[in-house]
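All remarks here apply to the structure that follows.
Everything numeric in this text was worked out from a predicted model, so none of it was measured. Chain identifiers are assigned alphabetically (A, B, ...) following the order of the sequence lines, protein sequences preceding nucleic acid strands; residue numbering begins at 1 within each chain.
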2 protein chains.
Amino acid sequence: MSERQPNLRERRRSETRRLVQAHAVRLFTDHGYDAVTVADVAEAAGVSAMTVYRHFPTKEDLVLIDQPAQLIAERVAASSAAQPLVRRVGSALIDAATNWTGGNGDEQAANERFLLDCLRLMVSTPALRARHLDSQYALQQAIVDALGYDATGPDAAFRAQAATSACIAAMHTALTRWVEDDGHTKLPDLIARALTASFGDDAVATRRKD
Amino acid sequence: MSERQPNLRERRRSETRRLVQAHAVRLFTDHGYDAVTVADVAEAAGVSAMTVYRHFPTKEDLVLIDQPAQLIAERVAASSAAQPLVRRVGSALIDAATNWTGGNGDEQAANERFLLDCLRLMVSTPALRARHLDSQYALQQAIVDALGYDATGPDAAFRAQAATSACIAAMHTALTRWVEDDGHTKLPDLIARALTASFGDDAVATRRKD
DNA sequence: CACCCAAGTGTTAGTTACTAACATGATGGT
DNA sequence: ACCATCATGTTAGTAACTAACACTTGGGTG
């Protein structure tokens, strides 16, 4: 909390970015993603269409959320290589989700509501769903790199790819359910249940059986 | 092989469709998906741009392949409900892949080469990869329906969703590897290996332990 | 065989996402 | 006080689609 010295320019920039995105999600939610043009969003936010594109490369990016891929990858890399693959990845995913949705401030609650709005759109709109799935594909690559099985041979790398993709798919199912429940169920719990349903009890139960 | 009585119109129609798609995949492979316009494809195929859109709703559909979702769903529905979820789904996927890539005629070999070209584009082009992942999402819904766990309660349905999505993700990893190997390794074997890496030996070994 | 309907195709005009290039006004350091 | 830089606006252009209308041709019907 010490590098709090953003320029006026930077503050303005991130503020318009936030404004544009907020108006976009609201309009998309109210009238449907396809029925709202980028020009509409720009007008609602009081900027030009070009400014929207300067902040968000595509219309889809107005809704897509950056998952903390960096954070997840770090946790995976830090995990013990002695554990089975699915547990290494699964634990990292649960861990990251805890830090992601946790917190109980006022701002945090608003953030979570916004996040749920975005995810609702992502699940229901084909174009957004497709892009979101592809971004999880990128997350998969980051995790596989962090696992460090590339050098062990092509077969080990293949197994790492397979196990990681399966874990992420289970997490995606949990995410979908989380949205359907409007965020009432705790996300980490949902992920743990999804992993258990896919890989069995021993893939998740980190508390016993060290 | 007995309902061979297609109209001349229908034959012409499917022939132009095939022609357009073949030229499209060739051009995309040679110059890159983004560098080729729909007008280019139309010109190469000797038709108007409008005709291309009449056969393929979007440019992406020129490359996307219909996976035999119907076939897979039927096999899942026919499998014994006593088996664990991942084995029910996994066996169906392996089974379907066997019937899909099998065969050894001349036409079959050409089909497989075309299929590999399409998949290569799907893996390397972001827009196509995203759409492909979304189509597998649709496959997931079909499989979950076929599993028949919807009526058993919301928790069972959630477990079915999770396990199915994980299986499909593993299959997708196998598909990607298959493309990288240019189809040299047998696809069913790759799927089996991916499933084993994710879920352990007992998820696949159908030969012993009935 | 003549007739007519419908299907496949072409043409044109329009919308929308997105890009490139240049102009302008404000910010921030010197 | 001065100037470079950055955020933004404006304009013009490309390409993926869509809608509407006209034309040709295969195919069934009298």
### Query
Base, sugar-phosphate alone, or nothing: which one does A/V36 contact when heavy atoms must sit under 4.0 Å apart?
sugar-phosphate
### Task
Please figure out whether A/Y33 or A/M50 has its closest DNA chain C nucleotide nearer the 5' end.
A/Y33
### Query
Within less than 4.0 Å of OP1 or OP2 of C/dT9, is there a side-chain N or O belonging to B/H55?
yes
### Message
Are there over 12 heavy-atom neighbours, none belonging to A/E15, within less than 6.0 Å of that residue's CD?
### Response
yes
### Task
May I have the distance from A/L128 (atom CG) to C/dA17 (atom C1'), rounded to whole angstrom?
14 Å
### Message
When you measure from the side-chain N and O atoms of A/T16 to the phosphate of D/dT8, is any distance below 4.0 Å, counting only OP1 and OP2?
### Response
yes
### Query
Would one find a side-chain N or O of B/R13 under 4.0 angstrom from OP1 or OP2 of C/dT9?
yes
#### Entry: Nearest-angstrom distance from the residue atom NZ of B/K59 to P of C/dA17
18 Å
### Message
Counting only side-chain heavy atoms from C-beta out, which of C/dA17, D/dA16, D/dG9 sits nearest to A/S48?
### Response
D/dG9
### Task
Consider the side chain of A/Y53, meaning its heavy atoms from C-beta on, and name the nucleotide among D/dG27, D/dA15, C/dT19 that approaches it most closely.
C/dT19
### Task
Return the 5'-most residue of the pair B/R11, B/T58 with respect to DNA chain D, ranking by each residue's nearest nucleotide.
B/T58
### Query
Expressed in angstrom and rounded to an integer, what is the separation of A/R12 atom CZ from D/dT8 atom P?
10 Å
### Task
State whether the number of non-hydrogen atoms from other residues, nucleotides or ligands found under 6.0 Å of B/D106 atom CG is greater than 12.
no
### Task
Return the value, rounded to whole Å, for the distance between atom CD of A/E10 and atom P of D/dT5.
16 Å
#### Entry: Atom pair distance, as rounded to whole Å: CG in B/L62 and C1' in D/dA15
14 Å
### Query
So which one's nearest nucleotide on DNA chain C is more toward 5', B/V47 or A/A39?
B/V47
### Task
Spell out yes or no: do the side chain of A/R54 and the base of D/dG9 have one donor N/O and one acceptor N/O closer than 3.5 Å?
yes
### Message
So, OP1 or OP2 of D/dT5: does either fall under 4.0 Å of a side-chain N or O from A/R9?
### Response
no
### Query
Over how many whole Å does the gap from B/R17 atom CZ to C/dT9 atom C1' extend?
17 Å
### Task
Determine, for B/R159 against B/D155, whether the closest basic-nitrogen to carboxylate-oxygen distance falls under 4.0 angstrom.
yes
### Query
Do the non-hydrogen side-chain atoms of B/L62 and B/V52 ever get within less than 4.5 Å of each other?
yes
### Message
Without decimals, in angstroms, what is the distance between B/R131 CZ and D/dA16 C1'?
### Response
13 Å
### Query
Is a salt bridge present between A/R131 and A/D134, judged by a nitrogen-to-oxygen distance below 4.0 Å?
no
#### Entry: Rounded distance (Å) that lies between atom P of C/dT19 and atom CG of A/D61
10 Å
